[in-house]
Amino acid sequence: VGTTEHGTVIIAVGDEVLGGFTVDTNSHWLAGRVREAGFPAQRIEVVADRSDAIVEAVQRAIREKRADRVIVCGGLGPTPDDRTLEAVALALGRPVEVHPDALAHVQGIVERMHAAGWIDQPAISEPNRKMTLAPHGAEILENRRGMASGILVPLPHADGPGGSPLDADLADPLRDRWLAILPGVPREMQTIVEEELIPRHFTGATAETVVELRYRYAIEAEFVAPMQAVEAEFPDVAVGSYPQTERRELVVRFKGADPERVAAAAARVKEMRPPREGEDDPG
Ligand code: ATP
Ligand code: MG
């Protein structure tokens with residue numbers, strides 16, 4: 001049931017993910033956080049460390065009406081394979097420039113490294129200069145755990161009259177559209193999201209209610225009729241069946257905006273397929 005008004009598109013950037021070397025835990029973690037904030041993921045996409053791939057993914061996301069938030073993560077570092085910043089700026093048609101907050105952040109780290117005797121000069125090296133840059137009009141999201149700051153850029157409205165991104169209405173958090181660029185290192189990404197991005201820029205929306213029924217040793221086919229009944233009687237509630245084969249458990253999960261309707265839908269399934277002896281049913 002895709003009734004969600006406000007959604008997020010998550011774009012993970014990285015050849016290591018596409019190649020099967022790295023598990024995309026960033027998208028998985030982000031999907032949970034944005035759902036809890038009331039901006040559930042509409043789509044998760046993984047693209048290569050290639051400018052054209054990143055540009056295309058960002059432009060696809062911008063065209064989606066319900067994508068009020070876009071998160072691009074990975075490829076913000078100093079190495080030549082980190083192309084996310086430039087590609088996103090290109091996709092948004094914004095020039096890249098030194099951002100005073102990002103500059104101050106990198107300068108602060110360099111000065112502490114110098115004071116600790118790790119580097120000879122308290123000067124920003126050429127590769128690290130990249131992390132002082134941001135697209136024009138961006139806001140910096142502080143990264144307490146690393147050098148690459150998070151970056152927040154306002155987006156034009158997908159259904160708008162083609163107004164300039166710079167004219168985005170920043171007064172109403174639910175009317176705002178933002179794109180965030182985050183570093184790929186999970187610890188850094190998570191810190192920025194928890195400390196900066198969610199509290200300040202994912203406000204005003206309400207998370208859907210989630211209710212789960214857990215059956216042990218249940219046969220999935222037994223749930224076809226109960227789920228069909230719920231789909232017919234509760235078009236405003238999404239129901240899914242998720243067998244956890246290794247735990248020998250079946251999770252039936254209900255999701256919707258109205259907590260009472262979600263509870264009623266779960267009760268309907270329980271009534272049609274009551275838990276048997278030996279089955280746990282915390283729902
Ligand atoms: P850095 O400043 O360290 O270069 P970055 O923003 O450039 O950070 P990446 O180079 O893309 O980030 O990735 C850094 C590390 O983060 C990688 O070694 C990888 O282990 C991890 N990483 C990247 N993307 C993901 C992802 N989607 N899920 C889990 N881990 C990831
Ligand atoms: Mg990378």
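All heavy atoms count here, side chains included; hydrogens, waters and symmetry mates do not. All ligand and atom numbering here is 1-based and tracks the order in the structure.
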Quick one: are the ring centres of Tyr215 and Phe223 less than 6.0 Å apart? yes

Can you list everything that forms a salt bridge (charged side-chain N to carboxylate O under 4.0 Å, His left out) with Glu222? Sequence neighbours excluded, please. Arg273, Arg276

At under 4.0 Å between heavy atoms, what of Glu188 touches ligand 1? The answer is neither

With a cutoff of 4.0 Å, is Pro186 in contact with ligand 1, counting heavy atoms of the residue only? yes

Determine, using heavy atoms of Ser27 and all atoms of ligand 1, whether some pair is separated by less than 4.0 Å. no

Nearest non-hydrogen atom to atom 10 (O) of ligand 1 belongs to which of Val46, Asp81, Asp82, Val17? Asp82

Among Thr25, Asn143, Thr84, whose heavy atom sits nearest atom 29 (C) of ligand 1? Thr25

Check Arg261, Gln228, Arg268 against Glu233 for a side-chain hydrogen bond (donor to acceptor under 3.5 Å, both in side chains) and give me the one that passes. Arg268

Scan side-chain atoms only and decide if Thr191 and Arg145 contain a donor-acceptor pair under the 3.5 Å cut-off. yes

Check this for me, if you would: do Glu195 and Arg200 make a salt bridge, where the nitrogen-to-carboxylate-oxygen distance has to be below 4.0 angstrom? no

Using a strict cut-off of 4.0 Å, indicate which atoms of ligand 1 neighbour a heavy atom of Val23. 28 (N), 29 (C)

Under 4.0 Å from a heavy atom of Gly77: give me the atoms of ligand 1 that qualify, with their elements. 1 (P), 2 (O), 4 (O), 5 (P), 6 (O), 7 (O)

Is any side-chain N of the basic residue among Glu249 and Arg214 closer than 4.0 Å to the acidic one's carboxylate O? yes

Looking at ligand 1, does any of its N/O atoms fall within less than 3.5 Å of an N/O of Leu76? yes

Which ligand 1 atoms does Pro183 reach within 4.0 Å, using its non-hydrogen atoms? 6 (O)

For Glu111 and Gln107, which I'm curious about, is there any donor-acceptor pair between the side chains at under 3.5 Å? yes

Using a strict 4.0 Å cut-off to heavy atoms of Glu16, name the atoms of ligand 1 that fall inside it. 11 (O), 13 (O), 17 (C), 19 (C), 23 (C), 24 (N)

Ranking Gly184, Gly75, Cys73, Ala148 by closest non-hydrogen atom to atom 11 (O) of ligand 1, top hit is Gly75

So for atom CD, which belongs to Gln190, do other residues, nucleotides or ligands contribute more than 12 heavy atoms lying within a distance under 6.0 Å? yes

